[in-house]
Structures are given as C-alpha cells and as structure tokens.
Amino acid sequence: MKASVYGGELRWGNDVVLNPWIELVDPEHERKQKVVIFSGQLGGGSETAKGPAEIDVELPFKGDNFTLLIGYDFYADGDLPDRAGGPRTIPLTAPPNLVE
C-alpha cells in the first residue's frame with residue numbers, strides 16, 4: 001500500500017499535522033490495521049519536518065472487503081486558529097467505478 005500526506009501549506013505555509021495515519025477495518029470491526037504515515041509533527045512551521053510524507057508498506061491485513069479511514073492526532077492552521085483540533089477520523093468511500 002502506498003499513501004502520502006501533502007499540500008502546499010504543509011510544505012511552505014504554516015499548517016501542521018500530528019501523526020497522520022490510515023486505517024483499514026473489516027466489516028465486523030474485528031481486524032484493524034493502522035499505519036502512521038508520519039510519526040511526529042509534519043508541516044510548514046520552522047521547527048517541524050516539511051511535507052510531503054510518503055509510505056510504501058506491505059500490509060498483513062489482506063482481503064477486499066474493508067473500510068478505509070484516514071486521520072490525524074492534531075491539526076493547526078496558523079492563519080485560521082479556529083480550525084485547530086483533533087484527533088479526527090474521516091471514512092473514505094471508494095468511487096463507484098471501483099465498487100462491484
């Protein structure tokens with residue numbers, strides 16, 4: 001599986017994200033596989049690692065019936081402090097042409 005976290009504000013701006021991750025969950029929520037894409041603070045701040053961050057890993061979680069979630073532990077935008085917060089989990093839905 002390949003995954004990345006990117007965006008201009010994470011590279012050159014003042015947004016930061018802490019521990020962005022992806023998670024695969026089976027329909028019964030019995031098996032989960034959480035993969036941290038970057039461990040630590042990623043972003044445009046001078047004291048953080050700059051984006052983008054990428055991973056390419058082999059997952060022990062196999063199968064074609066799972067839910068994909070993305071998330072992070074904390075997010076902040078230096079220009080919009082009211083958007084700061086976390087943790088946040090976002091379920092993703094496959095495009096219709098990928099679902100049989």
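Since we're looking at a predicted model, the values are computed, not measured. Numbering starts at 1 and runs along the sequence shown. Quick note: numbers below take in every heavy atom, side chains included, and nothing from hydrogens, waters or symmetry partners.
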Contacts of type side-chain hydrogen bond (donor to acceptor under 3.5 Å, both in side chains), residue Tyr72, not counting sequence neighbours: none
Contacts of type side-chain hydrogen bond (donor to acceptor under 3.5 Å, both in side chains), residue Asp56, not counting sequence neighbours: none
Any chance you could measure [X], atom [atom1], to [Y], atom [atom2], to the nearest 0.5 Å?
X     : Y     : atom1 : atom2 : value
Glu54 : Ile37 : CD    : CD1   : 10.0 Å
Leu68 : Glu23 : CG    : CD    : 9.5 Å
Leu42 : Leu10 : CG    : CG    : 5.5 Å
Leu24 : Lys34 : CG    : NZ    : 12.5 Å

Any donor-acceptor pair under 3.5 Å from Arg11 side chain to Gly51 backbone: yes
Decide whether [X] and [Y] are clustered together by the hydrophobic rule: side chain heavy atoms of Ile, Leu, Val, Met, Phe, Trp, Tyr closer than 4.5 Å, transitively.
X     : Y     : result
Val57 : Leu92 : yes
Phe38 : Tyr6  : no
Ile90 : Tyr75 : yes

Considering non-hydrogen atoms only, spot the tightest contact between [X] and [Y] and give its length.
X     : Y     : value
Pro20 : Gly40 : CD-O, 4.5 Å
Gln41 : Leu18 : N-CD1, 3.8 Å
Ala3  : Ile22 : CB-CD1, 4.1 Å

Side chain proximity check, [X] to [Y], heavy atoms < 4.5 angstrom:
X     : Y     : value
Ile55 : Trp21 : no
Asn14 : Asp77 : yes
Ser39 : Asn19 : yes

